[in-house]
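Only one structure is covered here, and it is reproduced in the block below.
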Amino acid sequence: MAEITFDGVTKIFGDDIRAVDELSLHVADGEFMVLVGPSGCGKTTALRMLAGLEDITSGSLSIGGAVVNNVLPKDRDVAMVFQNYALYPHMSVEKNIGFALKIRGDSKSEIKRKVGEAAAILHLTDYLERRPKALSGGQRQRVAMGRAIVRSPQAFLMDEPLSNLDAQLRVEMRLEIARIQRILGVATVYVTHDQVEAMTMGDRVAVLRAGKLQQVDTPQDLYDHPANEFVAGFMGSPPMNLVRCHVRPGDDRVEVDFGDQTIELPWHYTSSHELPASGLDVVVGVRPEDVIITDASSPNTIKTRVERREALGAEILVHLSHLDSSADALANEQGALRDISRRSSLVAKMGPRVQVAVGDVLSVQISPEHAHFFDATTGVTLRKRKP
Amino acid sequence: MSERSAHMSVMTSSAPRVRRMTLRRRRQVAGFLFALPAIALVVGFIGVPIGQAVYYSFTQWNGLTSTWIGPSTWAQAFHNSNLWTALENNALLLLAVPFALGLPLGIAVLLHQRVAGWRIFRSIYFLPTAISWVVLGLVAERFFAYQGTLNSIIHALGFSHVNTNMLGYESTALSALGITFVFTMIGTNTMLFLTGLATLDPSLEEAARIDGAGSWRIFRSITLPHLSRFIQLAFVMTVIALFSALFSLIFVMTGGGPGYATTTMEFLIYQTGFNQGDFGTAALYGLILFVLTGIVGVVQLRLIGSNE
Amino acid sequence: MTTLMTPPKESDSSNKSTRPSRASRSKVGRWVLFFAMMVIAVVMLYPFWVMIVTSLKSEAQFLAGQGFSWLSWKNLSATIPIGQEVLSSTIVCSASILIILVVGLPAGFAFSKLRFRTSTAVFLVIVSAMMVPLQAILMPEFVNVTKLGLTGGYFGAILVYAALGTPFSVFLFTTYFRGVPDELIEAGIVDGLSYFGALWRLVVPIAIPAIATVTVLQFIQIWDDLLVGLLFIQNTSERPITVGLAVLAAGRTTSIPELMAGSIISALPAMVVYLGFQRYLVKGLTMGIDR
Ligand SMILES: Nc1ncnc2c1ncn2[C@@H]1O[C@H](COP(=O)(O)OP(=O)(O)OP(=O)(O)O)[C@@H](O)[C@H]1O
Ligand SMILES: [Mg+2]
């Protein structure tokens with residue numbers, strides 16, 4: 001049994017730097033948990049507390065059911081992969097990988113066998129004699145992985161292990177790490193600030209912001225049902241469009257004002273969401289892929305103008321502004337400048353063959369089933385909990 | 001917090017006491033234990049003797065028994081002309097410092113030109129650094145002796161009626177000691193300056209040359225400022241050596257004489273303690289030397305500190 | 001640094017000069033330079049020349065100022081117990097350096113990576129002890145060591161050398177370990193090392209260059225030292241070579257050619273170490289200022 005439980009774990013540096021704030025999180029045995037969040041949000045600190053490299057200010061932390069708050073790292077039986085790999089420079093790859101086993105007192109033949117296995121999984125067999133200095137970045141990364149996996153520990157802890165690799169290698173190693181974790185079935189806490197890694201690797205993803213846990217969910221749930229504006233804006237690339245609007249919930253539909261243009265959304269939002277009384281502000285979120293171009297004759301469209309166009313090959317990102325200046329002015333006034341995530345313009349993701357040019361006037365629709373509503377002041381989702 | 005730890009102690013009460021220490025605390029305890037032998041050695045063999053020296057400087061002490069005298073020991077010490085002679089000798093030897101820095105600086109600049117065989121020259125110049133000052137003192141004695149090399153050179157230059165015996169006369173012995181000191185410092189200081197020059201970005205020099213600066217100009221405005229930290233360090237090391245490393249030279253070359261002509265503070269301490277058996281006064285002199293080097297030492301600490 | 005490794009071609013500066021007159025001047029300059037360097041070399045080699053030439057005379061030949069013989073070398077061991085003295089020097093040197101390393105490495109590790117509450121202040125105190133000359137505390141030190149009964153054999157001198165060398169080694173190791181990433185130690189600790197294990201199996205192997213620096217510097221310092229050996233080793237039969245030579249020289253009754261022969265022997269080990277490890281020596285001297 002090697003589940004991991006954070007129970008109200010708090011870390012305060014100095015007098016008032018709350019690096020991790022009342023973190024409660026459960027990682028099941030064999031689960032791949034990704035900790036994601038912007039720089040400085042406390043991911044590394046959470047991981048270091050788990051490894052025993054940092055004291056816990058308050059709360060309790062258990063591995064495999066036993067509280068480990070004051071247990072030394074060497075007695076926790078967790079393996080950690082560091083961002084800069086921290087390979088032992090004076091040892092060969094083989095010695096690096098086998099070091100923990102040697103400390104543990106495994107027999108020579110046992111070490112050799114396990115190192116051989118790990119090296120085979122990681123395609124390092126040809127490099128066992130080399131020193132870390134003579135390896136490429138990707139190879140070093142794999143040695144760091146190897147050092148963790150030979151131990152068959154209670155848990156793997158990884159702190160941005162791919163951030164020093166080039167983009168292509170990162171994609172490759174992403175799959176590789178996920179594959180190995182699945183083979184070994186060891187509970188893993190993986191820290192990253194890259195939401196693509198989070199989405200593709202995690203069984204579940206925990207989003208942190210300023211030391212506070214925002215949401216824990218499967219990647220798809222996180223994407224489809226972000227718990228608040230921050231998660232909505234953080235997960236997904238390009239991020240969700242978040243627009244501050246008036247809404248008027250009615251019996252058969254929900255009317256949303258984009259400036260002086262109005263669109264209608266299906267009525268079921270009034271039952272699934274706690275929309276405010278008529279005419280009040282909410283933040284409406286729409287993913288770029290849910291902004292759809294139609295022709296002007298269709299009902300329920302917004303007139304927009306193409307401000308910028310980014311061709312990414314497989315898709316085109318089109319930056320749109322709605323066609324009335326009063327809306328822009330209003331949005332600016334109400335804080336578009338203050339909070340960048342609330343933009344007055346929309347970003348739409350389109351297929352590569354769509355013919356648009358800067359200055360074009362487009363009519364766009366919002367995919368009716370995929371609108372998100374957030375409280376305009378707290379940013380919390382207005383969606384009701386599933387019964 | 002207290003509620004938590006109470007809870008914790010219940011859970012782990014069977015474990016040994018250390019188990020309940022926080023990780024940070026355990027790291028600190030390990031750190032302290034690791035530093036302890038060094039602390040003990042330094043405190044026991046350097047710290048404590050400083051304190052004892054302060055105490056004994058107020059006593060009459062022969063190494064076995066001491067009698068408290070009080071502050072008058074200090075007043076008395078400063079009335080002793082030997083102390084003033086030694087201090088004066090130290091002060092006069094300070095005149096050697098510019099040479100002990102200037103010559104190595106010149107040599108380092110020469111080496112830095114990298115003419116053919118400069119590596120061999122470098123090794124040759126540094127070689128005397130490895131030799132004990134006892135041996136260098138022996139050689140220097142040969143150099144200055146009546147039948148020594150210095151007189152041979154003078155005769156070879158045509159002054160056959162001139163005969164020197166610098167170590168034999170009060171007026172010249174200190175100069176001979178100073179010259180020897182300069183020689184012994186050449187290797188170390190050259191090494192320092194050469195390292196400094198190696199860290200000088202050659203493109204700076206080229207840029208200045210393109211701007212039309214002459215060699216002297218370049219040396220003044222680029223090389224010297226760049227070397228300033230190294231010169232400061234060399235200065236401090238040289239002065240400290242002057243105050244506390246001449247013992248070997250004096251011991252074999254002059255024994256402090258003739259008279260007290262080459263008795264410096266450090267040699268005076270040795271003589272007062274071990275030849276006259278006046279341990280109390282010797283301890284007092286030690287404190288004076290301690291203050292003198294302390295002043296220089298503070299300068300060096302600030303040098304090191306400013307680079308951390 | 002690279003400039004030290006790869007000397008520029010000889011014609012470098014003249015090539016870069018645009019005017020031919022400068023080039024020719026610099027050629028003359030180069031010869032002047034070379035001549036100056038030769039002169040300095042002669043001066044710096046003078047001690048070796050004196051030692052060698054003088055040692056190759058008998059006492060009578062030395063006084064007469066001419067002639068050569070191996071007599072002084074043959075008589076050397078009768079005048080100076082050279083074998084015993086070299087052995088003493090070796091013992092004192094190795095033991096002192098061993099203590100300096102054994103004490104300095106964990107302290108450097110502690111001050112750089114395991115910092116405890118007062119560690120910065122303690123570190124500063126230890127480093128300032130570098131500036132205390134032995135002469136300043138000579139009397140109490142001598143009496144203390146004598147009272148402990150350690151001036152008979154080597155122990156007193158070894159401890160005093162160790163104490164005098166420790167501040168420097170602590171300073172050097174601390175500075176060196178500050179350059180080692182924390183993660184490296186942490187990786188070892190997560191891999192199951194205790195702090196002592198991390199010290200012994202990670203820190204020490206990584207510190208080999210720093211260890212070499214401390215060893216070389218201390219070896220030369222202790223091998224060449226007179227004062228401690230003179231006072232803290234009372235048994236004449238356990239005298240280190242430097243002390244033996246100094247005492248004979250100060251006595252002024254010993255044949256100078258034989259003294260010179262002894263000097264050569266005493267100088268050899270330090271010179272060998274020195275030529276072999278010059279690199280580490282330079283590094284140690286400029287530690288903290290050149291990085
Ligand atoms: N040793 C420390 N002392 C004081 N503050 C610290 C310490 N370590 C981290 N912090 C602070 O705690 C907060 C969280 O840091 P942490 O390293 O956990 O962030 P992170 O999420 O890992 O960021 P990144 O993605 O940039 O690595 C930051 O504000 C940081 O400045
Ligand atoms: Mg981090």
| request: Go through A267(C), S263(C), A36(C) and name the one with the most non-hydrogen pairs under 4.5 angstrom from chain B. | output: S263(C)
| message | Quick one, P167(C) and V42(B) - any side-chain contact, counting heavy atoms below 4.5 Å? | response | yes
| Given a strict heavy-atom distance threshold of 4.5 Å, which part of F62(C) is in contact with chain B: side chain, backbone, both, or neither? | side chain
| said: The test is side-chain contact (heavy atoms from CB on, under 4.5 Å); show your working for M131(C) and I240(B) and say whether it passes. | reply: CA-CA 8 Å; M131(C) 312 302 162; I240(B) 288 186; 4.1 Å; yes
| said: Looking only at heavy atoms and a cut-off of under 4.5 Å, which of L136(B), L33(B), V29(B), T293(B) has the most pairs with chain C? | reply: T293(B)
| query | Among L110(B), T190(B), L103(B), I124(B), which residue meets the side-chain contact (heavy atoms from CB on, under 4.5 Å) test with I40(C)? | reply | L110(B)
| Can you tell me how far CE of M37(C) sits from CG of L111(B), rounded to the nearest 0.5 angstrom? | 4.5 Å
| said: Would you call the rings of F279(B) and F142(C) parallel, tilted or perpendicular, taking 30° and 60° as the class edges? | reply: tilted
| Below 6.0 angstrom between ring centroids: does that apply to F34(B) and F111(C)? | no
| Where do F143(B) and Y46(C) land on the ring-ring contact (aromatic ring centres under 6.0 Å, His included) test, with the steps shown first? | CA-CA 9 Å; F143(B) 178 79; Y46(C) 168 77; 5.4 Å; yes
| said: So which atom in V103(C) and which in A38(B) form the shortest heavy-atom distance, rounded to 0.1 Å? | reply: CG1-CA, 3.2 Å
| query | What part of V252(B) lies closer than 4.5 angstrom to a heavy atom of chain C: side chain, backbone, both or neither? | reply | both
| said: Need one label for I256(C): side chain, backbone, both or neither, based on atoms under 4.5 Å from any heavy atom in chain B. | reply: side chain
| Could you state the interatomic distance from CZ (F267(B)) to CG (L227(C)), rounded to the nearest 0.5 Å? | 10.0 Å
| request: Among the options V50(C), L33(C), I220(C), pick out the one with the most heavy-atom pairs lying under 4.5 Å from chain B. | output: L33(C)
| message | Just so I understand: if I count every heavy-atom pair under 4.5 Å between each of F251(B), Y56(B), F290(B) and chain C, which residue has the most? | response | F251(B)
| Where is the tightest heavy-atom contact between A130(B) and A270(C), given as atom of each residue plus distance? | O-CB, 3.3 Å
| field | Heavy-atom closest pair, residues L138(B) and A249(C) | value | CD2-CB, 3.4 Å
| message | Please rank M271(C), R115(C), M139(C) by heavy-atom pairs under 4.5 Å with chain B and give me the top one. | response | M139(C)
| query | CG/L114(C) to CZ/R26(B) distance, rounded to the nearest 0.5 angstrom? | reply | 13.5 Å
| field | Leading residue by heavy atom contact count with chain B [cutoff under 4.5 Å; candidates A246(C), G108(C), G262(C)] | value | A246(C)
| said: If you define the side chain from C-beta out and look only at heavy atoms, does anything of L134(C) sit under 4.5 Å from S244(B)? | reply: no
| field | R24(B) versus chain C, the contacting section by heavy-atom distance below 4.5 Å | value | neither
| query | Using a cut-off of under 4.5 Å for heavy-atom pairs, which of V102(C), L159(C), V122(C), V160(C) has the most such pairs with chain B? | reply | L159(C)
| task | Identify which of L289(B), I131(B), T129(B) forms the greatest number of heavy-atom pairs closer than 4.5 Å to chain C. | result | I131(B)
| message | Between I39(B) and chain C, with a heavy-atom cut-off of 4.5 Å, which part of the residue counts as in contact: side chain, backbone, both or neither? | response | both
| message | Please classify the contact of F126(B) with chain C as side chain, backbone, both or neither, using a heavy-atom distance under 4.5 Å. | response | both
| Do the side chain of E266(B) and the main chain of Q135(C) share a donor and acceptor less than 3.5 angstrom apart? | no
| From M260(C) atom CE to R142(B) atom CZ, the distance as rounded to the nearest 0.5 Å | 6.5 Å
| said: For the interface with chain B, which of Y195(C), F109(C), F34(C) has the highest count of heavy-atom pairs at distances below 4.5 Å? | reply: Y195(C)
| field | Contact summary for E141(C) and P49(B), nearest pair of heavy atoms | value | OE1-CG, 3.5 Å
| note | N144(C) and Q52(B) have their tightest heavy-atom pair at ND2-OE1, 2.6 Å
| remark: Rounded to the nearest 0.5 angstrom, the CZ-CG distance for F274(B) and L230(C) is 8.5 Å
| task | First locate atom CZ of F45(B), then atom OG1 of T166(C), and finally report the distance between them rounded to the nearest 0.5 Å. | result | 10.0 Å
| said: Is V145(C) close to chain B through its backbone or its side chain, or both, or neither, when contacts mean heavy atoms under 4.5 Å? | reply: side chain
| said: Does any backbone or side-chain atom of L231(C) lie under 4.5 Å from a heavy atom of chain B? Answer side chain, backbone, both or neither. | reply: side chain
| query | Which answer fits I189(C), side chain, backbone, both or neither, if we ask what part of it has an atom under 4.5 Å from a heavy atom of chain B? | reply | neither
| request: Mind ranking F247(B), W133(B), F183(B), Y125(B) by heavy-atom pairs under 4.5 Å with chain C and telling me who comes out on top? | output: Y125(B)
| request: For I264(C) and V135(B), run side-chain contact (heavy atoms from CB on, under 4.5 Å): C-alpha distance rounded to whole Å, both residues' side-chain angles, the deciding distance at 0.1 Å, then the answer. | output: CA-CA 9 Å; I264(C) 291 173; V135(B) 173; over 6 Å; no
| query | Between F32(B) and T118(C), does a side-chain contact (heavy atoms from CB on, under 4.5 Å) hold up when you go through it step by step? | reply | CA-CA 9 Å; F32(B) 181 72; T118(C) 51; 5.8 Å; no
| query | Has I120(B) got more than 12 heavy atoms of other residues, nucleotides or ligands less than 6.0 Å from its CD1? | reply | no
| query | Of the backbone (N, CA, C, O) and the side chain (C-beta and beyond), which part of T272(B) lies under 4.5 Å from a heavy atom of chain C, both, or neither? | reply | neither
| Given L287(B) and I137(C), is the side-chain contact (heavy atoms from CB on, under 4.5 Å) satisfied, shown in steps? | CA-CA 7 Å; L287(B) 286 176; I137(C) 50 171; over 6 Å; no
| request: Give the member of Y55(B), F243(B), Y285(B), Y270(B) that has the highest number of heavy-atom pairs under 4.5 Å with chain C. | output: Y270(B)
| query | For M253(B), is it the side chain, the backbone, both or neither that has a heavy atom under 4.5 Å from a heavy atom of chain C? | reply | backbone
| Non-hydrogen side-chain atoms of D224(C) and V134(B) separated by less than 4.5 Å | no
